[in-house]
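None of these values were measured; they are calculated from a predicted model. Hydrogens, waters and symmetry mates play no part in the numbers below; they use all other heavy atoms, side chains included.
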Amino acid sequence: MTAPRVRFAPSPTGSLHVGGARTALYNWLFARRHGGTFLLRIEDTDVERSRRDLTDQILHAMRWLGLDWDEGPFFQSERSALYREAADRLLAEGSAYRAFETPEELDAMKRAAEATGNAFRYDGRARALSRVESDRRAAAGEKFVLRLAMPDEPFVVDDVVQGRAEFPAGALDDFVLVRSDGHPLYHFTACVDDVAMGITHVIRGVDHLPNTPKHVALFRALGASQPVFAHLGMILGADGKKLSKRHGAAGVEEFQAQGYLPDALDNFLALLGWSPGEDKERMTLGEMASLFSLERIGPSPSRFDHEKLAWLNGQYLQEIPAATLAGMLEPFQVSHIDAGLLDRAIALHRSRARTLVELAHALAIYGEDPKEFEASGLKKLGKPESAVLLRALAERLSLLEPFSHAALEEAARALAAERGVKLGDLAQPARLALTGVLASPPLFEVIEVLGRETTLRRLVAFADRMSGAPVAH
RNA sequence: GCCGCGUUCGUCUAGCGGUUUAGGACGCCGCCCUCUCAAGGCGGAGAUCACGGGUUCAAAUCCCGUACGCGGUACCA
């Protein structure tokens, strides 16, 4: 195929949701696969709701996901001359016309239609106005909207993903292109820009499928050939309802804040509706780009499964070098941990965390002594016998050389054997004393990283607590 | 209401008329490893392919209905 030109066209009325992110990703993937061009267009024609800070947030999220654009960002708010010109042309050519009904009149018509049980569709009455009459009223300063004269014929949309969608003649009314205050509206600006920017493929959510016949009519009126359409199924929450904050994170920046990796999110999102076949799941952006095809996108909606994302994220986490992870962990408050310890601690905990937040949380014990102890652990192990064992262990470790996990384990095993207890009977209370929880990386490796001083302090403090002695400072 | 689209294990999906006792992944269960928890390895349960009619020698795969879900129905995008 000749190099395609695709675009992602978010409107800055909210932050970038995962649905939008997936749309952006597919566009990006398609462009990269075919050596095409990926453009970014900000659809900020809704002057009341568009916000500059949300635009920045969207751009930031795109960059974070690694979806670099080749052209843009273009802002529709800066392209009004183009839309005005197109509007004038459509009006002059007769494919669009002025309609002078006031909002009140339209409301009355809508109510009347509802009263008879019919859906309201503007009946196109202003088409009957003569050109002279229309010009005269406009010149007199009367308010009007510009409407497209929809051809009275059925529309067929051949969609790469959804198949063939047929819309009977008369299903769509003469929709508004330009508001009475002069602001152009979405359908109009999107099509004018798609033509101006030479867009060859429109990849977007199915929520736009019912709009597509309008766009087809608009492309025709504009004298342009229509692009190939690919409408993606919706991304739903776990309960099958529209994805929202209620389902946990829905915005890209929320996933970032929760410690998800962009590569993992990209990979996960790509799989929501697309599959390269051959049971392949783990892929880099590059691999996905080389495998991507519109034909392999499924039409049905999919639910967002946080569990699988978390799993995938954990997989990615394990492949990142500890030193690199240390840097990535910086925004998650690990700065109070000694840099010399951090890499070693990360190596120990990495496979046990699925997100950076979980990792940072687990790493906290290398920065300061545990303040709280797992309740079930205290109940089970917080006994005087444990205190005795822990004091004995502390004593053994105070002079142990070298302070390596192998030597530590040897010493602990010897102590357990002498006391006639299993290693676990010694290790579990020690784990609780050192980490505050009952699940951790192998105990002796943790001790090695923690170091002698910290280990002894925590062991003794915990033993004191168990035997009822006042906490030492 | 009307219009449009969708419907394979709980979830994401493979499958594009016969090679299917419907494959993989997440999750779940069990075993191994083991000082605990993960990771990893191995194994298991889990889908009458929404339902009902057709077409065909043969259908998850093609066609038509029904149900359910989602979307649209703005001087929002």
Side-chain angles (χ1 to χ4, degrees), chain A residues 9-14 43-46 48-50 99 101-103 106 110 114 117-122 143-147 157 159 161-163 165-168 171-173 175-187 189-190 205-213 231 233-234 236 238 240-242 268 271-282 295-296 298-312 314-315 318 348-354 362 377 409 412-413 416 422-428 430-432 435 437-444:
Chain A
S11 86
T13 53
E43 309 216 318
D44 53 355
T45 51
D46 186 335
E48 284 83 25
R49 295 194 300 149
S50 295
E101 290 78 15
T102 63
L106 254 13
K110 182 175 279 184
E114 278 164 3
N118 294 315
F120 167 72
R121 294 208 319 278
Y122 178 69
K143 290 276 187 203
F144 63 88
V145 297
L146 190 69
R147 288 180 182 272
V157 176
D159 190 277
V161 174
Q162 301 291 334
E166 297 179 41
F167 300 82
L172 286 334
D173 64 0
F175 60 98
V176 176
L177 265 22
V178 182
R179 306 205 307 196
S180 54
D181 64 4
H183 281 112
L185 257 15
Y186 163 71
H187 299 300
T189 56
V206 260
D207 47 334
H208 286 291
L209 186 54
N211 292 149
T212 307
H231 286 95
M234 292 274 107
L236 276 14
K241 302 291 181 206
K242 194 176 173 196
F268 177 76
L271 261 17
L272 249 35
W274 174 74
S275 152
E278 293 175 352
D279 300 330
K280 194 169 175 54
E281 293 209 320
R282 292 274 316 277
E295 289 68 31
R296 290 195 62 89
S300 46
S302 43
R303 300 182 188 207
F304 194 98
D305 182 2
H306 282 264
E307 277 302 315
K308 185 156 184 174
L309 203 217
W311 168 79
L312 199 55
Q315 295 288 306
Q318 289 197 65
L348 246 35
H349 287 267
R350 180 171 45 195
S351 72
R352 271 156 272 255
R354 301 195 301 177
E409 179 164 356
R413 282 187 187 280
K422 288 184 289 187
L423 181 59
D425 297 331
L426 173 60
Q428 282 303 82
R431 189 187 315 280
L432 188 61
T435 68
V437 292
L438 289 176
S440 83
L443 182 65
F444 306 107

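Going from the C1' atom of B/rU36 to that of B/rA25 covers 28 Å, rounded to whole Å. Nucleotides B/rU48 and B/rG30 are separated by 27 Å at their C1' atoms, to the nearest Å. Of the P atoms belonging to B/rG23 and B/rG43, the separation is 15 Å, rounded to the nearest Å. If you take atom P in B/rA60 and the same atom in B/rU21, they sit 10 Å apart, rounded to whole Å. Spacing between B/rC63 and B/rG69 at atom C1', rounded to whole Å, works out to 23 Å. Between B/rC49 and B/rC9, the two P atoms lie 10 Å apart (nearest whole Å). Look at the P atom in both B/rA59 and B/rG4: the space between them is 30 Å, to the nearest Å. Spacing of C1' atoms, B/rA58 relative to B/rG18, comes out at 6 Å, to the nearest Å.
Across all strands shown, B/rU34 remains unpaired; no Watson-Crick or G-U wobble contact has both distances below 3.5 Å. If you check B/rC68 for Watson-Crick or wobble pairing at under 3.5 angstrom, you find it paired to B/rG6. Pairing partner, B/rU73: B/rG1, with both Watson-Crick or wobble hydrogen-bond distances short of 3.5 Å. In this structure, B/rC62 and B/rG54 make a Watson-Crick or G-U wobble pair, each of the two defining distances being under 3.5 angstrom. Judged by Watson-Crick or G-U wobble contacts below 3.5 Å, the nucleotide B/rA25 has B/rU11 as its partner.
Using a 4.0 Å heavy-atom distance criterion, A/Asp181 is classed as making no nucleic acid contact. Across all strands shown, A/Leu271 has heavy atoms under 4.0 Å from sugar-phosphate atoms exclusively, and none from any base. Backbone-only engagement by A/Phe167 is indicated by non-hydrogen atom pairs under 4.0 Å involving sugar-phosphate atoms exclusively. Across all strands, A/His187 comes closer than 4.0 Å to base atoms (heavy-atom distances). Within the 4.0 angstrom heavy-atom criterion, only backbone atoms of the sugar-phosphate kind lie near A/Leu272; the bases stay farther away. Contact annotation for A/Arg282: no contact, since no heavy-atom pair falls under 4.0 Å across all strands. Within the 4.0 angstrom heavy-atom criterion, base atoms lie near A/Glu281. Among the heavy atoms of the strands, none lies under 4.0 Å from A/Glu48. Residue A/Gln318 is in sugar-phosphate contact alone, with no base atom involved, counting any heavy-atom pair closer than 4.0 Å across all strands shown. The residue A/Gly273 sits close only to the backbone: its heavy atoms come under 4.0 Å of sugar-phosphate atoms, none of a base. Within the nucleic acid shown, A/Ser302 comes within 4.0 Å of sugar-phosphate atoms alone, with no base atom in reach, counting heavy atoms only. Counting any heavy atom pair closer than 4.0 Å across all strands shown, A/Pro103 reaches a base atom. Here A/Ala171 lies out of heavy-atom contact (under 4.0 Å) with every strand. Residue contacts shown for A/Val145 include a base, since a base heavy atom lies under 4.0 Å away.
In this structure, A/Arg354 CZ and A/Leu309 CG are separated by 9.5 Å, a value rounded to the nearest 0.5 Å. Put simply, CZ on A/Phe268 and CD on A/Glu281 are 10.5 Å apart, with the number rounded to the nearest 0.5 Å.
Judged purely by distance below 3.5 Å, without hydrogens or angles, the side chains of A/Thr212 and A/His231 pair a donor atom with an acceptor atom.
Between A/Ser180 and A/Gly277, the residue anchored nearer the 5' end of RNA chain B, judged by the nucleotide with its closest heavy atom, is A/Gly277. Along RNA chain B, the nucleotide closest to A/Phe144 and the one closest to A/Ala427 are compared, and the more 5′ of them pairs with A/Ala427.
Heavy-atom contacts of chain A under 4.0 Å fall on RNA chain B between two terminal nucleotides, which in 5' to 3' order are B/rG1 to B/rA77.
At least one test fails for A/Arg147 against the ring of A/Phe175: distance under 6.0 Å to the centre or angle within 45° of the axis.
Listed here is the closest heavy atom pair of A/Glu43 and A/Pro12: O-CD, 3.5 Å.
For A/Arg303 (side chain) and A/Leu236 (main-chain N/O), no donor-acceptor pair under 3.5 Å exists by modelled atom type.
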